[in-house]
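For reference, the structure discussed in these notes is given below.
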Protein chains: 2
Amino acid sequence: MSSENKKKEGIVPEPSLRRMPCYLAYLKLAKRRNQEYVSSTHIARDMGVDPTQVTKDLSYTSIVGKTRVGYEVNTLIDVLEDFLGFRKLDKAYLFGAGSLGNALLHDHGLDQYGLKIVAAFDIDPKVVGRTIEGVPILHVSEFEKMKDKNVEVGILTVPAEFAQDVAQQMARGGIKGIWNFTPIRIRLAEDCVVQDTSLYAHLAVMFNRMSNIKK
Amino acid sequence: MSSENKKKEGIVPEPSLRRMPCYLAYLKLAKRRNQEYVSSTHIARDMGVDPTQVTKDLSYTSIVGKTRVGYEVNTLIDVLEDFLGFRKLDKAYLFGAGSLGNALLHDHGLDQYGLKIVAAFDIDPKVVGRTIEGVPILHVSEFEKMKDKNVEVGILTVPAEFAQDVAQQMARGGIKGIWNFTPIRIRLAEDCVVQDTSLYAHLAVMFNRMSNIKK
DNA sequence: TTTTATTAAGGATTATTTTCTTTAATGGAA
DNA sequence: TTCCATTAAAGAAAATAATCCTTAATAAAA
Ligand SMILES: NC(=O)c1ccc[n+]([C@@H]2O[C@H](COP(=O)([O-])OP(=O)(O)OC[C@H]3O[C@@H](n4cnc5c(N)ncnc54)[C@H](O)[C@@H]3O)[C@@H](O)[C@H]2O)c1
Ligand SMILES: NC(=O)c1ccc[n+]([C@@H]2O[C@H](COP(=O)([O-])OP(=O)(O)OC[C@H]3O[C@@H](n4cnc5c(N)ncnc54)[C@H](O)[C@@H]3O)[C@@H](O)[C@H]2O)c1
């Protein structure tokens with residue numbers, strides 16, 4: 001009888017999820033300052049957000065705060081990292097070892113946040129066969145043969161015109177989550193999550209806000 | 001009498017701004033297929049969004065659609081690129097030439113979307129003085145002396161603990177828009193825009209949605 | 001011990017964003 | 001020509017998210 005509700009219940013709003021890594025970063029700085037407890041009031045003041053928004057966001061996790069004291073910093077860090085999936089390391093394939101793909105391959109920061117690129121795929125003979133930062137670049141045709149059940153995340157950095165096709169290929173190959181850096185909206189079956197991260201979109205917002213200020 | 005309203009009026013909602021680069025990408029593909037006109041109905045169907053959302057979003061620009069026909073593809077591309085600020089090239093400084101900063105320096109895609117990194121700043125003697133992809137890496141102390149009025153955009157890729165300080169330095173040096181890749185919420189005066197782009201936030205959302213599907 | 005100030009948490013209210021509905025226009029078919 | 005199907009655009013309604021308000025708890029001060 002609650003199966004229709006089940007869909008909604010347990011669903012965390014995207015705005016809240018997006019703020020959580022910010023709280024995490026703030027807490028890590030607080031830990032360095034040897035703070036044992038930190039209250040939503042202080043988090044909110046320091047971060048320039050609303051205090052009740054902080055408690056609401058954190059209430060989606062299992063953390064319980066102490067009245068008049070706040071949240072235990074160490075516990076909250078653990079809870080958040082766990083909740084956000086930053087603790088376990090997900091293996092990922094990268095599709096499209098071009099300019100942006102190369103940039104991501106050169107970046108070591110992601111390892112600390114639960115993501116490890118184990119192989120890259122491309123079609124350009126000039127890059128296929130090479131190795132970047134220890135990650136082999138294979139031809140996309142190799143992907144079909146691999147079917148590694150341990151790799152569920154795919155990073156999509158191919159040119160826009162191939163985005164939809166490659167995404168479908170990824171889904172067929174068992175990829176369950178696509179981190180999509182192209183500005184294309186991917187249409188796929190329900191069992192594959194597509195997370196859009198358009199850098200251009202952020203640039204567009206920044207340019208617009210800048211021109212607003214100049215009146 | 002309308003000065004209180006002036007603040008609101010002309011303000012484009014962030015969700016709309018974020019969708020616009022997607023429309024642009026879609027239109028460029030349509031142009032390649034030699035489509036002269038494209039309607040909101042078709043854009044919406046292909047992209048998996050609501051048709052009225054498309055018209056609402058596009059109504060923030062100067063474009064006017066033709067009843068029963070749609071929008072002229074070429075005009076809409078021009079209008080959108082102009083509206084989003086992708087036409088004129090903004091010069092940018094990069095602060096923090098570490099793993100992510102290097103990645104951005106190696107990436108040539110941004111040039112096409114209105115952003116050109118002309119110099120990078122760091123404090124690490126191991127990188128200061130070097131050149132990456134033609135971009136010189138200078139010591140941050142050099143920034144103070146430069147005061148180049150033509151550079152209004154700053155890219156922030158320093159470790160979290162220095163983010164606030166470096167951001168303040170940037171604002172003092174005349175930077176009007178900070179593209180913030182750190183997970184820290186920057187607190188600054190009103191005349192400097194801060195655009196947060198936390199890759200971790202997107203990862204967090206993707207991991208969460210993936211675990212939801214697994215039930 | 002009593003009071004005070006601060007807090008988490010839950011519910012109510014307000015603001016924002018999305019979706020639905022209606023209207024008027026118009027190219028193309030009959 | 002007349003009708004029909006499709007569209008942009010504007011306004012209404014619904015859904016979602018942010019903010020405000022209240023309550024109960026409790027450390028610290030008096
Ligand atoms: N470069 C950026 O700054 C940037 C920023 C945001 C988004 N993007 C988007 O990311 C995507 C890639 O951008 P880029 O600048 O790296 O382009 P790019 O042309 O440098 O790289 C694309 C790579 O994908 C490969 N490729 C093409 N078809 C393929 C296929 N079927 N399977 C696997 N690989 C294939 C190409 O050989 C090439 O190496 C584009 O959609 C772009 O819009 C780029
Ligand atoms: N690497 C990633 O994948 C990634 C993704 C998202 C966000 N981030 C964020 O981006 C930031 C940088 O990450 P990273 O992995 O590149 O770290 P990093 O340590 O590799 O690079 C940081 C660089 O900043 C320099 N620096 C330090 N203090 C400075 C100062 N005062 N002025 C100028 N430069 C200074 C350091 O010398 C170093 O070169 C962090 O805040 C991180 O959270 C990183």
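Throughout, protein chains are lettered first and strands after them, A, B, ... in sequence-line order, and every chain is numbered starting at 1.
OP1 or OP2 of C:dT19 sits under 4.0 Å from a side-chain N or O of B:Q53. The side chain of B:T52 contributes no N or O atom lying less than 4.0 Å from OP1 or OP2 of C:dC20. For the OP1/OP2 pair of D:dA9 and a distance below 4.0 Å, the side-chain nitrogens and oxygens of B:T55 include no atom meeting the criterion. Contact check, B:S59 against D:dA9: no side-chain N or O comes under 4.0 Å of OP1 or OP2. Considering only side-chain N and O atoms, B:T41 lies nowhere under 4.0 angstrom from the phosphate OP1 or OP2 of D:dT6.
With respect to A:K31 and A:E36, no salt bridge is recorded, no charged nitrogen being found less than 4.0 Å from a carboxylate O.
In this structure, A:E72 places its CD atom 16 Å from C1' of C:dT7, rounding to the nearest Å. One interatomic measurement links the two molecules: OH of A:Y60 to P of D:dA18, which rounds to 9 Å at whole-angstrom precision. Atom CD1 of A:I11 and atom P of D:dA17 are 10 Å apart (whole Å). Taking atom CZ on A:R68 and atom C1' on D:dA24, their separation rounds to 14 Å, with Å as the unit. Rounded to whole Å, atom C1' of C:dA5 lies 12 Å from atom NE2 of A:H42. Separating the CD1 atom of A:I43 from the C1' atom of C:dT6 is a distance of 15 Å, rounded to the nearest angstrom. Taking atom CG on A:D50 and atom C1' on C:dA12, their separation rounds to 14 Å, with Å as the unit. Per the geometry, CZ belonging to B:R19 stands 9 Å off P belonging to C:dT17, to the nearest Å.
Between atom NZ of residue B:K88 and atom CD of residue B:E81 there is a gap of 13.0 Å, rounded to the nearest 0.5 Å.
Along DNA chain C, the nucleotide nearest to A:K56 and the one nearest to A:G70 differ in position, and the one closer to the 5' end is contacted by A:G70. Between A:V69 and A:P13, the residue anchored nearer the 5' end of DNA chain D, judged by the nucleotide with its closest heavy atom, is A:P13.
For the residue pair A:T52 / A:D50, a side-chain donor-acceptor distance below 3.5 Å is found, with atom types taken as modelled.
Taking the six-membered ring for Trp and thresholds of 30 and 60 degrees, A:Y113 and B:Y200 have nearly parallel ring planes, at less than 30 degrees apart.
Cation-pi geometry between A:K28 and A:Y23 is not met at under 6.0 angstrom from the ring centre and within 45 degrees of the axis.
For B:T67, the side-chain atoms get nearest to D:dA8 when compared with the rest of D:dA18, C:dT17, D:dA8.
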